Each structure stands twice: as C-alpha cells, then as structure tokens.
Amino acid sequence: MTTTVGIVGATGAVGQRFVQMLENHPFFEIGVVTASDDSAGRPYREAAKWRVNTPIPDDVGDLTVRATDPDEIPDDVDLLFSSLPSSVAAEVEPPLCEAGFVVSSNSSNDRMAEDVPLVIPEINADHMGLLDVQRDERGWDGALIKNPNCSTITMVPTLAGVDRFGIESVHVATLQAVSGAGYDGVTSMEIIDNALPHIGGEEEKMESESRKLLGEFGGGEVRLHDMAVSASCNRVATLDGHLENVWADLAEDATPADVAEAMREVPSIDLPSSPDPLVTVFEEPDRPQPRLDRMLGDGMGVAAGGIQATPGGVKYNCLAHNTIRGAAGASVLNGELLVEDGWV
Ligand SMILES: NC(=O)c1ccc[n+]([C@@H]2O[C@H](COP(=O)([O-])OP(=O)(O)OC[C@H]3O[C@@H](n4cnc5c(N)ncnc54)[C@H](OP(=O)(O)O)[C@@H]3O)[C@@H](O)[C@H]2O)c1
C-alpha cells in the first residue's frame, strides 16, 4: 500500500532532492508540497528554481504550493518530510505533530532533545523507540524524528565500524560542499578561489550528534557515547559531497586492515534506500574524492579511504553526498523505517 506524503520546504535545495528521490518510490507518493508565503499559491514548477539533474516529475510540477500551516495539509497525508530553515522548523514542526502528522525532519532544531529520535537506520534504528516517550510526554498524535546534520552523517557510519576497537576520542576536519549552505547560502564572490574556515554551528552539531547516534538506547532514554569529539568545519568550492579527515584514538590495538574490515562490515538495512554496501572502503590513497565518489549507492553510500595507523589509533578520510545521504535521502530512509516499524 502506498503512503501519501508531503514535503514542507519543498522548493529549496533539499526539498528538490525529496521530490527527485520520491519519484517512483515503492512506499510513498507526494500529495502536497509547501514553502514560504512567497511561493504559496504558485505551481511548483514555477515556484521552485529547479536545479537537480533530472526533470521535475509532471505530477509534482503541476501541484500548487501551499503555505506551511497544519490547516493547509490534507487529511490523507500520513507523513511529512521537512526541509525548512531550522528557525522556521522550530516554530512549525511542533504544531504539525500536534495536529497528528508524523514529521521526518532534516532541520537541526530539537535533534538533541531527549525525547526526539535522531536516527540513521543502519546504525541506531532501535532509537526510534523514543517515540513512545515523546508521545507520552508531549501528548501528540503525530511524532517528530530527526536525521543528523550532513557532516555528522558522513562520519558516523565509519565510526560505527571503528568503535569495535573502543573509540576514546575523535578529531575531524571537514571540507564541505557549497550546496550544504542552501542556494542562497554562499555567494560566488565568497567561495571562488577561496575556502571558508568557519560554518556557524556546524562543529557543535558534529560534536554532540555523533555521541547521541552512537549512544545506547535503554528503553526510556539515550545514554550518549562517552567519546570526546572535536570538529573543525570548512566550506570549500565543491558543489556536492562532504569530504572529511578523521583521527580516532582507540582503546584497543587495530591495524588499518582491521579497521577497513570493520567499516566494510557495518551492515545496510533491508529498506529501499539503504545501499549495500553501506561503507565502501578504497585501497587507493587518493580516494574517496567528491566528484568521483559522491554518487556511490545512488548518493546514499558512504566512502572511506586512506586508513593509516597513528600513535593513538587510526586516521582516515570519508565522504558522502550531503543533500542525498546527508539530507533528503536520510529523511526518506527514516520515513521507510517509520513505515516498516508501524509508526505510520
Ligand atoms: N543543504 C544541505 O546539504 C543540508 C543538509 C542537511 C540539512 N539541511 C537542512 O535542511 C534545511 C533546508 O535546507 P536547504 O539547503 O534546502 O535550504 P533552502 O534551499 O534555503 O530552502 C528552504 C526551504 O524552506 C522554505 N522556507 C523558507 N522560509 C520559510 C518560512 N518562513 N515558512 C515556510 N517555508 C519557508 C523555502 O521556501 P521558499 O522557496 O518559498 O522561500 C524553501 O522551500 C535546513 O534546515 C538545513 O540546515 C541542509
């Protein structure tokens, strides 16, 4: 049976990826698209400055964009995918959940709230159980579930493998693509012939979200992983695909070959958008690279390479597509898990 879904913030960079990923999806069909009041009332094909590399599906292009308001969402919509600026999402998502909608959201608000599941299905699907706590505490018929920040989701699947050897601390430096800032995020004058050594709030997100994702769910709460994480985030002039250099100090000895095997063994999950393998480990020292490797697993794969021993553990590089695995694809995969687990 097909689930009717809506996309809130459908005209933006991530919203367009939702539309692309949901075309011919085996579980979902798009029933409604919303955006700001500037776009409301216009046909989607006019309101969205379409920039993804496949045509706008005709049926979605013909939809009239609605305002982002619970009263504008038809009752037959069971699940909403959200890609709003986080300040807007913080205002809009709780009323949507209160009105009975299940919201699978990309936005950073509430990711660290104790009763909000922050999920990568292949890594911590069991954290979805927090929805029982959330419904008890908030009295919602709907529900709010989050996927992590794009730079965090690039690193955590690799860390899930490395943690077999007991991660004590992680240092990470990122080289993040311009699409991660949204269409209006970084101007050409800022980024051409340049790199920006600061992305507001990004370092804190990597440092906290990775500990929640790798934490243990004990029925009522998530106990954060006790590793220390320090991140340094940089914007560079690639279009899509975040590349990251990771150093992990480990409790146990592990050779680079042990670490490569552990990463390759992080399992995918039996859902339509989960790639197999989840983590591809390259032996070539100059891989992964954004332009060559961001579309692994249709953009849902994570790549790693350059694994080397350090005095305290291991260092390596990893990469994922920031608007697919790092955003829309992550929410769609969470939506698939919500359906599979009976939350929708
Ligand atoms: N880009 C990435 O790689 C990435 C990765 C992970 C997470 N995220 C997160 O995903 C969210 C969306 O990012 P994006 O890059 O897609 O941003 P974007 O391109 O700026 O798109 C923002 C969307 O939100 C809508 N919107 C803006 N203000 C609104 C309002 N007041 N009420 C209702 N709708 C409003 C816009 O509609 P209009 O077109 O009508 O203005 C547009 O549809 C952000 O929270 C971002 O942090 C992005």
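Atoms within a ligand are numbered from 1 in the order they appear, just like the ligands themselves. Every value quoted in this text rests on a predicted model; they were computed, and no experiment measured them.
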Do Q20 and N53 have a side chain donor and acceptor closer than 3.5 Å?
yes
Could you label the plane-to-plane angle of the F217 and H127 rings as parallel, tilted or perpendicular, counting under 30° as parallel and over 60° as perpendicular?
tilted
Hey, could you give me the CG/CZ distance between D78 and F28, rounded to the nearest 0.5 Å?
10.0 Å
Whether E168 side chain and D249 backbone form a donor-acceptor pair below 3.5 Å
no
Hey, are E29 and T2 close enough side-chain-wise for a donor-acceptor pair under 3.5 Å?
no
Around ligand 1, what residues show up once you keep those with a heavy atom under 4.0 Å from it?
G9, A10, T11, G12, A13, V14, A35, S36, S39, T68, S83, L84, P85, S86, V88, N106, S107, C150, S179, G180, G182, Y183, N322, T323, G326, A327
Closer than 3.5 angstrom, by distance alone: can the side chain of Q134 be matched with the main-chain N or O of D115 as a donor-acceptor pair?
yes
